[in-house]
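Below is one structure, written out as structure tokens; comments come after it.
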Amino acid sequence: QVRLVESGGGLVQTGGSLRLSCAAAGRAAESLFMAWFRQAPGKEREFVAATSRSGDLTYYEDSVKPRFSISRDNTKNSVYLQMSNLEPEDTAVYYCAADPSSFVNRSPTLYEYWGQGTQVTVSS
């Protein structure tokens, strides 16, 4: 059993920054491919970013690539999402996801473990 807990969400103004954290428990972080997804009201869950088990490889949705950065610290069993130049369109519940596979999955149905989500709201 793997438990993921997100934190760092909140309310920010357009152009602001926010750093999300995801802590994993129950399995060594280096054995998990990890990702961030987000879901806005009335929309499907959307892939945001992912990182390989070592953190050496990263992947991004095109719309967030210039502004978001994913990283991980396996000594802390944690993954992070640094978000800059936030826009109202970024408003959503952000979810941390993990899977023992060794390649990126953009579909949320392919991830085995999920956190409960953290709300990010960007005001205009």
Side-chain angles (χ1 to χ4, degrees):
Q1 179 109 331
V2 174
R3 183 168 181 254
L4 305 177
V5 180
E6 304 98 332
S7 62
L11 175 64
V12 298
Q13 290 185 314
T14 297
S17 299
L18 210 57
R19 185 176 187 249
L20 305 183
S21 299
C22 173
R27 186 168 180 171
E30 59 266 28
S31 71
L32 297 169
F33 190 99
M34 303 188 73
W36 288 95
F37 288 79
R38 66 185 182 184
Q39 187 167 22
K43 297 184 178 180
E44 296 182 352
R45 192 162 296 188
E46 175 189 32
F47 173 81
V48 176
T51 179
S52 62
R53 292 179 291 181
S54 68
D56 187 51
L57 300 176
T58 58
Y59 310 87
Y60 298 92
E61 175 65 29
D62 288 343
S63 64
V64 307
K65 187 175 181 178
R67 302 179 293 117
F68 291 8
S69 178
I70 189 171
S71 62
R72 66 191 299 163
D73 185 346
N74 287 339
T75 66
K76 299 180 179 179
N77 282 357
S78 297
V79 63
Y80 309 96
L81 185 68
Q82 178 66 51
M83 305 183 293
S84 300
N85 196 24
L86 285 163
E87 304 169 354
E89 306 86 76
D90 296 316
T91 295
V93 176
Y94 283 70
Y95 296 91
C96 179
D99 196 87
S101 64
S102 59
F103 57 91
V104 64
N105 291 308
R106 291 179 176 266
S107 173
T109 64
L110 300 179
Y111 284 81
E112 186 172 357
Y113 308 111
W114 290 88
Q116 295 301 305
T118 184
Q119 177 71 48
V120 172
T121 302
V122 185
S123 66
S124 59

Side chains of Arg38 and Val64: does their closest heavy-atom pair fall under 4.5 Å?
yes
As an exercise, state the distance from CG of Asp99 to CH2 of Trp114, rounded to the nearest 0.5 Å.
10.0 Å
Val104 and Ala50 have their tightest heavy-atom pair at CG2-CB, 3.9 Å
Can you tell me how far apart OH (Tyr94) and OG (Ser7) are? Round to the nearest 0.5 Å.
15.0 Å
Salt bridge (Lys or Arg N to Asp or Glu O under 4.0 Å): which pairs involve residues 64-89, sequence neighbours left out?
Arg67-Asp90
Would a hydrophobic clustering, with Ile, Leu, Val, Met, Phe, Trp and Tyr connected at side-chain separations under 4.5 Å, put Phe47 with Tyr60?
no
If hydrophobic clusters are built from ILVMFWY residues whose side chains come within less than 4.5 Å, do Leu20 and Val48 share one?
yes
Report the residues that fulfil side-chain contact (heavy atoms from CB on, under 4.5 Å) with Val12, sequence neighbours left out, ordered by chain and then residue number.
Leu18, Leu86, Val122
Do Glu112 and Pro100 come close enough that some side-chain heavy atom pair is under 4.5 Å?
yes
Under 4.5 Å between any side-chain heavy atoms of Trp36 and Met83, yes or no?
no
Rounded at 0.5 Å granularity, tell me how far OH in Tyr111 sits from SG in Cys96.
10.0 Å
Transitive ILVMFWY side-chain link Val120 to Phe68, under 4.5 Å
yes
Supply the atom-to-atom distance Tyr113 OH to Arg3 CZ, rounded to the nearest 0.5 angstrom.
14.5 Å
Passes side-chain contact (heavy atoms from CB on, under 4.5 Å), Gln119 versus Thr91? Steps please.
CA-CA 8 Å; Gln119 177 71 48; Thr91 295; 4.0 Å; yes
From Gln82 atom CD to Ile70 atom CD1, the distance as rounded to the nearest 0.5 Å
12.0 Å
Please report, to 0.1 Å, the donor-acceptor pairs under 3.5 Å made by any side chain of residues 21-35, with sequence neighbours excluded.
residue, atom, partner, partner atom, Å
Arg27, NE, Ser31, OG, 3.0
Ser31, OG, Ala28, O, 2.7

Smallest separation among heavy atoms of Phe37 and Asn105, with atom names
CZ-O, 4.0 Å
Contacts satisfying salt bridge (Lys or Arg N to Asp or Glu O under 4.0 Å) that involve residues 52-64 (not counting sequence neighbours) are Glu61-Arg106
Where at least one partner belongs to residues 6-26, residue pairs that pass salt bridge (Lys or Arg N to Asp or Glu O under 4.0 Å), sequence neighbours excluded
none
Mind checking side-chain contact (heavy atoms from CB on, under 4.5 Å) for Ser107 and listing every partner two or more places apart, or none if nothing turns up?
Thr109, Leu110
With rounding to the nearest 0.5 Å, note down the distance linking OG in Ser71 to CG in Leu81.
8.5 Å
